[in-house]
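Order of the sequence lines sets the chain letters (A, B, ...), proteins ahead of strands, with each chain counted from 1. Side chains included, hydrogens not; waters and symmetry mates left out as well; all remaining heavy atoms used.
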Number of protein chains: 2
Amino acid sequence: MSFTYRYARPALTVDAVVFGLDDEDLKVLLVERAGEPFRGTWALPGGFVNVGEDLEVAARRELAEETGLRLADAYLEQLYTFGAPGRDPREHVVSCAWYALVNIRDHEVRAATDAADARWWRVQALPDLAFDHAHILEVAGERLRGKVRYRPIGFALLPERFTLSQLQHLYETLLGRGVDKRNFRKKMLALGFVVDTGETETDVPRRPARLYRFDEARYRQLEREGFEMWV
Amino acid sequence: MSFTYRYARPALTVDAVVFGLDDEDLKVLLVERAGEPFRGTWALPGGFVNVGEDLEVAARRELAEETGLRLADAYLEQLYTFGAPGRDPREHVVSCAWYALVNIRDHEVRAATDAADARWWRVQALPDLAFDHAHILEVAGERLRGKVRYRPIGFALLPERFTLSQLQHLYETLLGRGVDKRNFRKKMLALGFVVDTGETETDVPRRPARLYRFDEARYRQLEREGFEMWV
DNA sequence: TCAAAAGTGTTCCGCTTACACCCATGC
DNA sequence: GCATGGGTGTAAGCGGAACACTTTTGA
């Protein structure tokens, strides 16, 4: 079966930049390509958009197909559309890139269709990447670093219940600089949407910390009231 | 001539949301469609991307072709890519939307290929629009209102030399609220990249105002130094 | 009792805000 | 001389930044 059009068309793909955080670093999910071009090279998960398929749906589908990762509560947002001719050696391929923030421990990854392998890589120590994916990742990193300062998106990188130290570690990792513990705690709690669950950590070899959660409904309420955060 | 592919492909277009400002209002450039679908309906200028053509180049080309407007110093930025199936009644068409800020008085618009007419419309009083263009325009407006507060993009809406009153009018129009004259002037001049040209207005029936300009090189310098603006 | 991280207040400074009158020009 | 917008300073309050020690727990 084949399809014929009156005018030539660029091909359309989606790519996904999935960020995760562990105790050490910011990580990104990559797949090792099983097919040409760039066979054996690491790349962002992604693939062709089907006719009649929404772009976000396509991004989620490709991600699930290639890495087994299903985004549920994760944060997913369109990043940018990359369409420079020559970014794909085969032909003109335009890619709509998305980025997601997930809690690494909630998700098991496994390679599947079109991917020889799939695993998390430290953002600070990436392999060579296929296509213009190094560039896409750079743009995604800038967006993440910029947006986390004025939108509460970072919570998607943490477990549902987290300590303020974990949250502080998140901001320090993303912003690339240390922040003052007392001021950080004061500010976060003053925002009003980081709420104490009343619970504490268990099984830690030290004084257990209080567990907090992100109250999304409260955040939306404050947002409607014209409130603004700035970290 | 025709083109055959192994798999069906969505079509790919670009659309441009061009904002301009006059003494009264924020305006947007629309074209009246000369062809089907939506013949006779007003729409954003735009059209199909050629194979091998960069997306930004395509956006500029369609804009020039349909409205005669050539963006030179104007601000142009990718907005978002809209790909919901059904947004075009003919078939699945994915559109990469861009937005631009121009100084209305620098540009003459005239309808050309595919456009029966082309003119500026008040953003507050738009006609019914073709496709999902009302939605695209709404997204563009949100982006503009958000971004103008932390990036000096508004200057593209003004002549090269402008008075502080014009600049204040710009911010009041975009933000939708009045601002204090003395505080506004203090802040703008304190930023360091709005500089006095030493000239004044001519031919005004009142005391002439000083003319300022946006010093982009200075802005870039400050940006590198980690400076941040917030209006 | 030691190691490790949790938790907690105050002071100072700079920026934002609120606010009203005189000035220069053209008609 | 009048109408129109141009141009200017100060005081008060608030939020951000700097800063160090005590507490709790498990080993």
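In this structure, A/R119 satisfies the cation-pi test against A/W42, with its NZ or CZ atom closer than 6.0 Å to the six-membered ring centre and inside 45 degrees of the ring normal.
Note: B/F214 and B/F193 meet the aromatic proximity criterion, with ring centroids under 6.0 Å apart.
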B/S/- along nucleotides 18-27 of chain D (protein heavy atoms under 4.0 Å) is BBB--BBBS-
Please report, to 0.1 Å, the donor-acceptor pairs under 3.5 Å made by any side chain of residues 131-141 of chain A, with sequence neighbours excluded.
| from | atom 1 | to | atom 2 | distance (Å) |
| --- | --- | --- | --- | --- |
| A/D132 | OD1 | A/R87 | NE | 3.3 |
| A/D132 | OD1 | A/R87 | NH2 | 3.0 |
| A/D132 | OD2 | A/R87 | NE | 2.8 |
| A/H133 | ND1 | A/L44 | N | 3.0 |

Donor-acceptor contacts, no H, no angles, side chain residues 24-32 of chain B, under 3.5 Å, sequence neighbours left out:
| from | atom 1 | to | atom 2 | distance (Å) |
| --- | --- | --- | --- | --- |
| B/D25 | OD2 | B/R122 | NE | 3.3 |
| B/K27 | NZ | B/D22 | OD1 | 3.4 |
| B/K27 | NZ | B/D22 | OD2 | 2.2 |

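We find that CD of B/E228 is positioned 13 Å from P of D/dG16, with the value rounded to whole Å. To the nearest angstrom, P of D/dG6 lies 11 Å from CG of B/L211. Between B/Q168 atom CD and D/dT8 atom C1' the separation is 14 Å, expressed in whole Å. Atom C1' of nucleotide D/dG15 and atom CH2 of B/W230 are separated by 16 Å, given to the nearest angstrom. Atom pair B/L189:CG and D/dG7:C1' shows a separation of 11 Å (rounding to whole Å applied). Taking atom CG of residue A/L191 and atom P of nucleotide D/dG15, one finds them 13 Å apart after rounding to whole Å.
Remark: A/R143 engages A/E77 in a side chain to side chain donor-acceptor pair (under 3.5 Å) (not counting sequence neighbours). Scanning for side chain to side chain donor-acceptor pair (under 3.5 Å) contacts around A/E160 gives an empty result, with sequence neighbours left out.
Counting non-hydrogen atoms under 4.0 angstrom, B/R185 reaches a base of the nucleic acid. Contact annotation for A/T163: no contact, since no heavy-atom pair falls under 4.0 Å across all strands.
When all heavy atoms are compared, the tightest approach of A/E172 to A/G178 is OE2-CA, 3.5 Å. Scanning both residues, B/P45 and B/T67, for their nearest heavy atoms gives CB-CG2, 4.1 Å.
Extent of DNA chain C lying under 4.0 Å from chain A heavy atoms, first and last nucleotide in 5' to 3' order, is C/dA5 to C/dT10.
B/R218 and B/Q221 are not linked by any side-chain donor-acceptor pair at a separation below 3.5 angstrom, with hydrogens and angles left out of the test.
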